[in-house]
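Data block below; observations after.
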Amino acid sequence: MIAPAAFFVLAVVLFVLGVIAFFVKKDLLTQFMAVEVMLNAGNLALLALAKASGRPDGQALVLFIITVAAAEAVIGLAIIVLIFRQRKSIRTDDLEDLKG
Amino acid sequence: MARYFWLIPLVPGASAFVLLLFGRRFSRRWVAWQASAAVFLSFALTVAALAKISAAGGGAAPLSKVLLSWIVSGAFSASVALTFDGLAAVMAAVVTGVGFLIHVYSAAYMAEDRAYSRYFAFLNLFTFFMLVLVLASDIVLMFVGWEGVGLCSYLLIGFWFDRPAAAAAGLKAFLVNRIGDAAFMVGVLFLLANVGSSSFAAINAAPGSGLLGPGPATLAAILLFVGATGKSAQIPLYVWLPDAMEGPTPVSALIHAATMVTAGVYMVCRLNGLFTASPAASSVVAWVGAVTAVYAATMALVQHDLKRVLAYSTISQIGYMFIGCGVGAYAAGMFHLLTHAFFKSLLFLAAGSVIHALGGEQDMRRMGGLRKRLPVTSFVFLIGALAVSGIPFLSGFFSKDAILTGAYAGGRYALYALGLAAAVLTAFYMFRLVYVAFYGAERTSPAPGAQSHEQPRAMTVPLIVLAVLSAVAGLIGLPALFGERANVIGRFLEGSFAAAAPHPAPSTEIALSLAATASALLGLGLAFLLYRRSPGIPARLAGRFPGIHRLLVRKYYVDEAYDAVIVRPLVRGAEAIYERFDLKVVDGALNGSAAAATRAGRGLNALQSGLVRDYALAFLLGAILFLGFLIL
Amino acid sequence: MALVIFAVLSVACVGAVTAMILSQNQARNALFLVLAFSSLGGIFGLLDAPFAAAVQVLVYAGAIMVLFLFAVMMFNLRRPLPPEGKRLRTYLAAALALVLLAELVLAGRRVLAGGAAEAYPSGSAIADLGRLLFTDYLYAFEITSLLIVAALVGALALAGKTGGE
Amino acid sequence: MALMALAPLVAVVAGALAALLLEAFLKREGRGIAVAAAIIALCAAGFFIVRSWGLGLSYFGGRLSLDPLALLLMAVFAVLAALVILMSLVYAPRRGINLGELCGLLLFAVAGLMIMVSSSDWLVVFLGLEVLSVASYALAGLRRNDRASSEAAAKYFLMGSFAGAFFVFGLALVFGASGSLDLISGLAGAGAASGPPAAAVAGLGLIVIALFFKIAIAPFHMWAPDAYEGAPTPVTAFLTIGPKAAGFAVLLRAVSPLLDGGGAASALGPALSVAAAATMFWGNLAALRQKSVKRLLAYSAIAHSGYLLVAVVAGDAPGLVFYLISYLFMNVGAFGVLAALSGKGEEHVSFADLAGLGRRHPWLAAGLAAFLVSLAGFPPTAGFLAKFHVFSAAVAKGHILLVVAAVLASLVSVAYYLRVVVAMYMREPEAEAAFEREDPALWLVIFLCLFGVVQLGLWPGNLLVLIRQALPF
Amino acid sequence: MNTVAATPPLVSVVTFLPLAGAVVLIFIRGESARAVRAVALTVSLLTLAASLVLYGGFSGDSGLPEFVERASWLGRGLDYHVGVDGISLFLVLLAAFLTPLALLSSWKSVSDRVKEFSLFMLLLETGMIGVFVSLNLFLFYVFWEAMLIPMYFLIGIWGGRRRVYATMKFVLFTMFGSLLMLAAIFVLQAAHFRATGAYSLSIADLAATSLAPGLQTWLFLAFGLAFAIKVPLFPLHTWLPDAHVEAPTAGSVLLAAVLLKMGAYGFVRLGLPLFPQAAAAFAPALSILAVVGVVYGGLMALVQKDMKALVAYSSVSHMGLIMLALFSLGFEATEGALYQMLNHGISTGALFLCVGVLYERTQTRLIADYGGVAARMPVFAGVFLLAALSSAGLPGLNGFVGEILCFFGIFGANKALAALGVSTVVLSAAYLLRLYRRVMHGPLKDPADARFRDLDRRELAVLAPLVALMVVMGLFPGPILRKMDASVSRYIESLEAKPPLAPAIKGPDLTIRAQRPAAEPEP
């Protein structure tokens, strides 16, 4: 039997990798993908901890979160499309009209 | 009529009020009449009241009246209350009497001036304040008069305010006086705090009743005396008086010779109980008076301005009065005050007559031989000069003698010697003036507006009246030699003074009189020698002792010293503080913190780079800190 | 056995994400993530969450990531973006991320210290899940529908052909 | 009966769908009807909210509970949405924004807000937050042909999803540590004696971070100025108030009960205090040198989050609600004036545009001045009274230093609020900026807000009593 | 305390009449400056009349507030509670007296946006009077802060070249103090609640609460800072010269005459009686600051080139003396200080009006641009001189009465400080008469200069009442002092009732929980 701790640590590692990816990547789309990694890490943590505490709801929660991720993906891609149409680029750092 | 003695100050006051408000709409004639009449009415009231109290036994039965409970707050109380006792009577008589004459004189003297009504309004106002000062039975009220006359002095010195010198002189007078007044005020506060009452009666009684110990009494007396040095132009605050000669000459006569400048003497006499209780303070008074008497006289030796010579003479003579007060001979001091009021105002008015006649010329080097052109003026001037020099049987002789006798009798030989020296100098510079201006060849150049005939009667009559008074006023203060009752004024004032002045033996008294006479004649003779017989000597002397001469001409550089040591450092220092501290530090601290906030804002704006990764970085940093805070 | 599977899957998962971080190719990045999310689905299975695992593979790895892939192609992002100079910030972020890692592990320690508690039988999980969804989580379930509608409307409003004039 | 509790929410959602459908099918002619539908829905929601007052409805195991705090804030949201719609009637079409879409998304966002404030379950809160977020991203980007608007949406979205991941991870920790997702009992109940477990607190921390993001607490606020500036002005008004109100309500529910306890949560209070102080100063200092009044108000909104957080730290529910209501009026009013100034298409919200406004449009200038004065917290306006209550409660709880920081921060804020007044009254006009005269709805909004600001400042009377009686402190 | 007056709510009438007038002004259509001016002046005169009725009806026997009105307002002790006592009555009168004069003085000089100007003037009047009549700390604070807004506009819109800088500085610096005071108000409120279990911000209730010394220290410092900035006490005066120089004449007049008094009044009404022990402990230090202010203000006034800056620094000096008197904590000094507050209002107000008269003619305030004006404007010269002398404390005029009482009291408390303070006698004469000499005396700069017309009837109507008051208050202080007596002695008792702090000030102690009773009642 694998200790839930292992799953949790994996979740944390994935979360942190997602964070790093968010910083390393330079376009909106990939940065959003990095966020997806973080969300998935959250899901994993949820399942791991739910299992550790012996609750059956973990799966249900994960289901909701995946739905949320999907919804975010929809709106996110729409925004990225919008940006791309305007600027012909989705480089995040190009978004600097607003500052100061 | 004596019941209404409280109207004495109010009549000129009311007249001043009316003139200030409506004077410009009145005719000149009416203005002069109203102002003079008001003062005359005061004079009449004064005489009536004087008669009343003198009938009732001199100063023993003063008249008094409380007009108004003025400032009352807790332990502090000051009322508008007037007291008419012997001391006040003498002073009030001088103020109203001489004041009336000068009003009359002014009517002619100022006839050409545009601001006629303003002049008389101020003159009336001055009379009002002076009488308040004199009649106040409360030191706070006296202070009202004290400052009020200062104000009027300021207004009248600067009467021709479009002349920068006059405006500056007025300001100087007021400010120097204010310095004295500040000390005076502290003295008053000191008395109020210790005595618990502001009435003269209580203050004079305080040392005796133990309310005021010797130390506090000395301190209070000296503080008050500092005020007196301002008002009465003594060392160290005399510097304003010579400059005050920028005012119209009748003003100089009234304010800067006869009345206001002697207010300090009056105040010391008023508070004789306090000063007597403090030998130290009295000594200070006497010594300052004596030193001033000599010192001012030396400066008078070399002045060329007619009025300035008289101004230094005034300073010197007031020094005399303070010698009298300081040695306990208060009555002698007051006596000299009285006679001085006569002969000095006479001298000023006569000088005014000269100046008026010469179209404003004040330099005696451009006069000479006036004896012929202005016979009356010259004659009365001569009487005045003789009186001030202490030539026997004129008024100055008796009063000066009384003071010197008092000093000698009190064993204050040094003071006596200084007094004697001053007498020599006085006779010398007065006759230098007489010889240069009135004798010898005419050196006048016909100035525009100059007249060659004698003055109108409105001017000569007051001169003559004053000349008579200068000549004979001494008779009311004959020395004890002439009998117990000969000293009329002394007896009249007895009730006002706590302690009697010391008397020497009759033989000593004669010897002292002779010494005084000799010194006066010595000074006169020297003047005759140097300025009549061989007029070349003074120039040679000046060439021989250029240092001393320059020192005297430049008035010991005291104005310059004050300027360099007090005025300029104060103004420069204030400027430096303003620029370096107020603008840089105080203001800078505020502007600096505003700038710091703005800079901080700019820094934060720079952080807000517009780049999402920076936002996320901040987010991450915040998250770590927040979590760390929670976990650890 | 489970341990081996776990090890393989977690290595695959972490490796894929790492590769995605390192790679400059957008399309490949999306594929890496498909791999990562699929592995994660397997790991979900190991955690006795078969339904979640299935949804993960189908919805996430399948639907969402394919959507991303299309987006990548649509934006023509196959060529790598030029490298940019602001590396320092990236390293700083990485360092901070590691601190975060430590903190999160630290935070989870206490929960995990209790050890595993086999509280519910794995067999009935799906049924339980269904029951939960329509009892305890009914309200939440309805809200997700709202969420989806909102997202669609939003997407239409932003990227739809019609809309503003 | 659950329907009764759901009624406001249902009304709003129905209104949203109706508006969208009417817009979609009736095209141009349907615009008015769509707006009317939205307004009617909001009125209906308001009606149901009032009906539910005092009933203490609670369903789905507390996942939907209409307690006074929830009802009050739901009413606030309804009013806010109505005001924003009124603000947009002329503004939106001029800028190529589809009114129907705006109304629909706005009502979706309101639905999300209502879900958030009426639940005591973290999952539901999260879902509500996501509904709100998804709708907000779209709202921010509604000016599709405007670069700034899209940029705002993109930044908001990217940072928002980043923050959302933190929420999820926090959810996992809380659930794992306490076995419950209940906002209050989940944490407080788990370890009654020694306070909540550390892991749960850490999880809560992650969730709080995500909420901080939403309510723009420093340093999680950095998206806010950009998003607020770029979004269409009425949307900005909505974004600066709605999500903030909901976020604070959730924080109040979840965090305040823990603040007085000890144990692992003992650091929470100081952490919140520091965050509050940092937010106030950051927002206010950064606003000092802004050139655009809209961006200035964005920073001001951040600073106000700091003040509101003080209310949370003090556990002052009545103060918080009163502050939010006051803030609603002054901020909507201020943005309303900016919207009125924006003429045909372009935004005219720089200081130069406002120069001499007091001469050109005295009423508009007076209105903006009044709102700014209220935002700055001068008596006798609502802003002052709101601050007074919150700060007073904080001091009563012993947070003196925090309040000192707060008053000093608001001193800084006075500087920039008054800068705007300087431009309006003490500078001469540089250019005649376009100005929307024929917009009675907007005028109505501004007038209502002005009325609210003054009324709440001078005589809040029943409202204050109502809030105080309804909410525990 | 809570004697409800059966009379009409006179205090409220006086307070809110100007506000009502301001509302009326809003509805005057168009740009009719005449109508606006007439309405504003009428309203302010009515206010003055009402305040005179207040004076007439005030007995002053008990020392307690009279004409008290109290109504529940915002709950939890935030009540509407107003009234006047011997301390506040005359400040109300001062404000009511000067506002019409200030309005009248701007008849000509303000021609731009007259409606707004009059509006803000009336609002300012309500604010000023409100501060003085408030008997509830919250209400006090509301007026205290609200009053900044009209002043901000008055300086900012109708001010001089650097008006924006000056007005921002004024508002921000003043607020810096008052916001800290606000924090202190919260603490005070909480402390009172913990001590009594009741919410109250009634000043009388708060004064009856005894506070731990450490707490008192902090609270006193916070209140004191707010008031000291307003006074302004050295070295917090830096806003004053700028505000005065840049403000329009009417603004300067009210700023100097009334607003500065609010600071001193704050000390009397709140700072000292609420925290008597801390006040006693800090009085020496504050006295030193005050006396430094006296000398410093005088020296700075001496070297100013701008007439208004000169008068502004003279205010620093004069207010320093007032504070010095207040901190000597004695009956006479306090009464003197209160009287001096009125004097300063009148004489400095008159000086600013005089400067305004000159400025209206030449558009310059630089002393160097003038000279010999007295020759052309004799009446004005007289008025100006009288104002200067009143300010310099010439006996016989009003300034002296206050000054001598102040000095008497200060002298009783500390002889050295009194002696230093007396330097103002010299300094004030120096800078004022120096100003007078440079502006009014000397030769005319340009004899052909036709700008120097003497006072017209309107200007005379503005200045004559002030001049009359200078004289009347100098000669007959009784009617004012008598009505103050009871209140002042009650105030002094309130300071002496509690024993002074033991040896030294304890370290700061911010815990308000220290004194809480065991059971903590919740509302």
Side-chain angles (χ1 to χ4, degrees), chain A residues 1-10 12-21 23-27 29-30 33 36-37 40 43-45 47-49 51-60 62-64 66-75 77-82 84 90-91 93, chain C residues 2-3 6 10 13-14 17-18 20-21 26 29 33 36-37 40 43-44 46-49 51-52 55-56 59-60 64 67-68 71-72 75 77 81 84 90 93-94 97-98 100-101 104-105 108 111-112 114 116-117 119-120 125 128-129 132-133 137 140 144 147-148 151-152 154-155 158-159:
Chain A
M1 197 58 229
I2 307 150
F7 292 99
F8 182 74
V9 170
L10 178 62
V12 172
V13 168
L14 275 179
F15 190 84
V16 169
L17 281 175
V19 170
I20 292 174
F23 282 99
V24 170
K25 295 304 170 185
K26 291 163 195 79
D27 63 295
L29 192 66
T30 324
M33 287 190 217
E36 296 290 345
V37 174
N40 277 284
N43 275 343
L44 180 56
L47 284 173
L49 293 174
K51 187 176 166 71
S53 61
R55 302 274 307 184
D57 320 31
Q59 282 199 79
V62 168
L63 198 61
F64 287 115
I66 289 176
T67 318
V68 167
E72 281 202 354
V74 169
I75 191 79
L77 287 174
I79 289 172
I80 295 170
V81 167
L82 184 65
F84 183 74
I90 56 168
R91 268 188 64 139
D93 288 355
Chain C
L3 197 65
F6 174 71
S10 46
C13 189
V14 171
V17 173
T18 313
M20 173 253 186
I21 291 173
Q26 310 293 325
N29 285 345
L33 280 198
F37 293 162
L40 209 53
I43 294 172
F44 286 1
L46 286 177
L47 278 166
D48 297 330
F51 187 72
V55 172
Q56 172 76 10
V59 177
Y60 235 122
I64 298 180
L67 200 62
F68 274 74
V72 167
F75 300 145
L77 291 177
L81 291 161
E84 45 105 39
T90 313
L98 291 179
L100 184 66
L101 180 103
L104 289 177
V105 170
V111 193
L112 301 160
Y120 56 92
D128 284 349
L129 182 62
L132 271 177
L133 280 181
Y137 291 100
T144 48
L147 175 62
I148 299 286
L152 287 173
L158 292 182

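Order of the sequence lines sets the chain letters (A, B, ...), proteins ahead of strands, with each chain counted from 1.
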**Report entry** Segment of C:A140 engaging chain A (4.5 angstrom heavy-atom cut-off)
**Finding:** both

**Report entry** Closest contact, heavy atoms only, C:A151 versus A:A71
**Finding:** CB-O, 3.6 Å

Query - Pairwise distance CG(A:L77) to CD1(C:I64) - rounded to 0.5 angstrom - result: 9.5 Å

Query raised in the report: So, do A:L14 and C:L40 sit near enough that their side-chain heavy atoms are less than 4.5 Å apart?
Result: yes

Query - Part of A:E36 lying under 4.5 Å from any heavy atom of chain C - result: both

**Report entry** Per-residue contact mode, C:L158 against chain A (heavy atom under 4.5 angstrom)
**Finding:** both

Query raised in the report: Would you call C:V14 and A:L10 a side-chain contact if the rule is heavy atoms closer than 4.5 Å?
Result: yes

Query raised in the report: What part of C:L133 gets closer than 4.5 Å to chain A, counting heavy atoms only: side chain, backbone, both or neither?
Result: side chain

**Report entry** Non-hydrogen side-chain atoms of A:L63 and C:Y137 separated by less than 4.5 Å
**Finding:** no

Report summary line: Shortest non-hydrogen pair, A:A78 vs C:A159, comes out as O-CB, 3.8 Å

Requested in this report: Report the C-alpha separation of C:V55 and A:V62 in whole Å, then their side-chain angles, then the decisive distance to 0.1 Å, and conclude whether the side chain to side chain contact (heavy atoms under 4.5 Å, CB included) test is met.
Outcome: CA-CA 9 Å; C:V55 172; A:V62 168; over 6 Å; no

Query raised in the report: Does the side chain of C:L47 come within less than 4.5 Å of A:L44's, by heavy atoms?
Result: yes

Query raised in the report: Looking only at heavy atoms, which two atoms of A:A21 and C:I21 are closest? And how far apart?
Result: CB-CG1, 3.6 Å

Query raised in the report: Roughly how far, to the nearest 0.5 Å, is CD1 of A:I20 from CG of C:L101?
Result: 8.5 Å

Query raised in the report: Are A:V37 and C:F37 close enough that some pair of their side-chain heavy atoms sits under 4.5 Å apart?
Result: yes

**Report entry** Test item: C:N29 and A:K25 side chains (from C-beta on) under 4.5 Å apart, heavy atoms
**Finding:** yes

Query - A:V16 versus C:L98, closest heavy-atom pair with distance - result: CG1-N, 4.4 Å

Query raised in the report: Are any of the side-chain heavy atoms of C:F44 and A:N43 separated by less than 4.5 Å?
Result: yes

Requested in this report: May I ask you to check whether C:Q56 and A:N40 show a side-chain donor-acceptor distance below 3.5 Å?
Outcome: yes

Query raised in the report: What closest approach, in Å, do A:L47 and C:A49 show between heavy atoms, and which atom pair accounts for it?
Result: CD2-CB, 3.7 Å

Query raised in the report: For C:V72, which of A:L29, A:T30, A:I90, A:D27 qualifies under side chain to side chain contact (heavy atoms under 4.5 Å, CB included)?
Result: A:L29

